[in-house]
Amino acid sequence: MSPFRFISSTWKPLTTTTFILSTFLTTSLVSANPNCTEFRIPLTATASNEVFPIPVGLNYSNPAAISGLVQTVLGDAGTVYPVIPTTFTGIIAGRYCEPEVTIANRSDVVQLFMSGVTENNLYWFGLGYPNGYDGNEYSTVDYASKQGYPTFVIDRIGVGNSTHPDPILQQQVNLEEAVSHQLVTMLKAGTAVPGKTFNRVIFVGHSYGSILGNAQATNHPDDISAFILTGFGVSIIPVAADLPQTVPFPADLYAPRFAGLPPGYLVTSSEPGRRGYLWGKPGSYDEGIFEMDYNDEDVVGLGELLSIDAGLKEAPASTAPVYIITGDSDDVFCLLATCGDGAGSPQAQACSLFPKAETCEYFIPVGTGHMISLHYSAPTSFQKYHAFLASVGF
Ligand SMILES: *[C@@H]1O[C@H](CO)[C@@H](O)[C@H](O)[C@H]1NC(C)=O
Ligand SMILES: *[C@@H]1O[C@H](CO)[C@@H](O)[C@H](O)[C@H]1NC(C)=O
Ligand SMILES: *[C@@H]1O[C@H](CO)[C@@H](O)[C@H](O)[C@H]1NC(C)=O
Ligand SMILES: *[C@@H]1O[C@H](CO)[C@@H](O)[C@H](O)[C@H]1NC(C)=O
């Protein structure tokens with residue numbers, strides 16, 4: 001079987017009831033919804049992954065040991081680790097949505113969404129499907145749908161309904177980028193979404209997902225026609241420095257829904273730590289959406305944290321336009337959550353990673369932490385990046 005082949009029996013349509021409801025909403029109400037279908041796509045991808053120095057007998061239940069290992073690996077930019085060819089064979093799950101508004105010259109363009117760590121496809125729906133927190137207020141997909149864009153939202157390998165591979169050897173930037181490359185190839189060949197061939201793919205990332213976009217711009221510069229990179233910056237230093245407050249802990253021992261996962265699958269086990277690291281200043285978000293995010297968090301593979309510098313680096317050949325959105329209080333990419341503004345900010349500096357980009361612009365939502373699509377400023381961020389897309393020919 002070709003790894004690219006779409007297996008129709010694994011394409012899961014909505015239930016009849018939901019489907020009829022969504023048809024009804026589309027035709028009867030002013031406020032419609034994007035028409036989404038769950039998918040399960042089998043694929044195989046191969047890349048050279050790094051072999052990291054995991055100490056013998058590493059105590060995964062010791063958050064200080066885990067944070068220390070991440071800080072050692074990320075802090076030592078000069079060290080080149082050996083690589084080995086690594087293969088992922090499994091299912092990529094997610095949701096494909098047709099827009100509720102038809103705009104002819106956007107029908108062959110698709111937005112591909114890539115979440116950050118401990119988040120799955122639901123991040124892009126405002127944390128819930130069919131409705132997120134507070135309706136569609138925080139749904140990036142819903143906004144894109146109203147602008148006429150089809151959207152393809154995946155669970156990265158190791159989260160949501162996608163296959164959970166080895167969280168250290170397999171779940172790394174290089175292999176996840178190879179998976180994204182396969183998906184883009186399939187979207188353009190008409191084998192990802194039955195009956196749909198897309199000519200241009202817009203990559204929309206958050207945090208680790210943005211780092212994967214950076215990696216795709218480096219490794220496959222012809223894949224993507226525009227990059228929207230949210231919760232992103234130029235330096236790896238703050239990412240590791242402020243990580244310990246989240247108290248990384250084995251997912252398996254943390255909650256029954258993660259039972260059976262190997263110990264390299266981690267969660268953030270401190271509620272104040274997750275708040276500080278990912279959400280920034282109180283008052284910039286609804287407490288209810290923070291609680292939902294903390295209670296429903298997904299996992300992060302230790303290999304993802306260790307391999308960040310495989311993605312966060314200059315993409316010398318990519319010409320696609322880039323738009324960066326990172327809050328002024330982002331504690332992941334700015335030390336002590338103070339990003340500054342203007343040309344010296346990590347947001348502006350991140351444009352240096354795309355020296356050949358047709359254009360690179362940035363937006364710094366004020367008072368906003370790391371969770372760009374979930375803060376009070378989210379609708380402004382949605383509006384800004386779609387205006388950017390229109391300005392560069394979409
Ligand atoms: C919803 O999307 C599915 C799959 O893309 C398509 O077959 C169906 O016709 C769409 N329904 C409506 C009401 O547009
Ligand atoms: C691992 O670390 C935890 C937290 O420090 C500690 O409670 C536990 O005893 C350690 N386990 C082993 C086997 O050392
Ligand atoms: C996983 O699949 C189930 C069944 O289709 C669905 O209800 C659930 O929302 C999916 N999980 C995610 C994170 O999308
Ligand atoms: C797309 O179509 C709209 C009208 O529907 C037009 O205003 C816009 O300029 C077109 N964009 C491109 C890139 O052709």
Side-chain angles (χ1 to χ4, degrees), residues 6 8-29 32-41 55-69 90-103 107-108 110 113-133 139 141 145 148-164 187 190-198 209 244 247-255 257-258 263 266 269-270 292-293 295-299:
F6 173 74
S8 59
S9 63
T10 60
W11 180 272
K12 290 190 162 184
L14 296 169
T15 63
T16 310
T17 320
T18 318
F19 182 78
I20 288 168
L21 179 64
S22 101
T23 306
F24 169 77
L25 287 171
T26 306
T27 51
S28 309
L29 299 174
N33 276 315
N35 168 20
C36 302
T37 312
E38 271 195 49
F39 61 76
R40 302 281 187 274
I41 298 175
V56 175
L58 174 66
N59 181 355
Y60 288 90
S61 299
N62 181 345
I66 297 297
S67 294
L69 175 63
I91 299 293
I92 298 298
R95 292 182 167 90
Y96 165 71
C97 308
E98 293 193 347
E100 66 214 69
V101 173
T102 302
I103 296 180
S107 62
D108 68 339
V110 65
F113 289 90
M114 200 67 73
S115 71
V117 300
T118 74
E119 301 288 341
N120 54 43
N121 80 91
L122 295 174
Y123 174 82
W124 302 105
F125 291 90
L127 300 184
Y129 182 84
N131 289 111
Y133 186 81
S139 173
V141 168
S145 164
Y149 289 99
T151 53
F152 190 80
V153 193
I154 70 158
D155 287 331
R156 289 177 297 99
I157 63 175
V159 299
N161 290 315
S162 288
T163 298
H164 287 53
L187 285 165
T191 53
V193 180
K196 295 278 175 187
T197 301
F198 299 102
V247 191
F249 195 74
D252 174 44
L253 303 176
Y254 178 75
R257 67 183 185 279
F258 301 127
L266 307 167
S269 71
S270 162
M292 193 171 176
D293 177 59
N295 292 330
D296 295 352
E297 71 169 316
D298 210 311
V299 294

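Note that ligands are numbered from 1 as they come in the structure, with each ligand's atoms numbered from 1 the same way.
Contact annotation: for Glu119 versus ligand 3, there are no heavy atoms closer than 4.0 Å. For Asn121, every heavy-atom contact with ligand 3 shorter than 4.0 Å involves the side chain, none the backbone.
The list of salt bridge (charged side-chain N to carboxylate O under 4.0 Å, His left out) pairs with a residue in residues 149-158, not counting sequence neighbours, reads Arg156-Glu176, Arg156-Glu304.
By the side chain to side chain donor-acceptor pair (under 3.5 Å) test, Ser145 pairs with Glu100, sequence neighbours left out. Residues passing the side-chain contact (heavy atoms from CB on, under 4.5 Å) test with Ser107: none are found, sequence neighbours excluded.
Listed by number with element, the atoms of ligand 1 under 4.0 Å from a non-hydrogen atom of Asn35 are 1 (C), 2 (O), 3 (C), 8 (C), 10 (C), 11 (N), 12 (C), 14 (O). Short contacts between ligand 3 and Asn120, defined as distances under 4.0 Å to a heavy atom of the residue, involve ligand atoms 13 (C). Listed by atom number, the atoms of ligand 1 under 4.0 Å from Thr37 heavy atoms are 4 (C).
A distance below 6.0 Å separates the ring centres of Phe39 and Phe152.
Between Asp108 and Thr197, every side-chain heavy-atom pair lies at or beyond the 4.5 Å cut-off. Taking the side chain as every heavy atom from C-beta outward, Arg257 and Val299 never approach each other to under 4.5 Å. At least one side-chain heavy atom of Phe125 sits under 4.5 Å from a side-chain heavy atom of Cys97. Counting only heavy atoms from C-beta outward, the side chains of Leu187 and Val193 approach each other to under 4.5 Å. Residues Glu98 and Thr37 are not in side-chain contact: their nearest non-hydrogen atoms beyond the backbone lie 4.5 Å or more apart.
Protein residues lining ligand 2, listed by chain and number: Asn59, Ser61, Asn62 [non-hydrogen atoms, distance under 4.0 Å].
Looking at Arg95 next to ligand 3, an N or O pair under 3.5 Å apart turns up.
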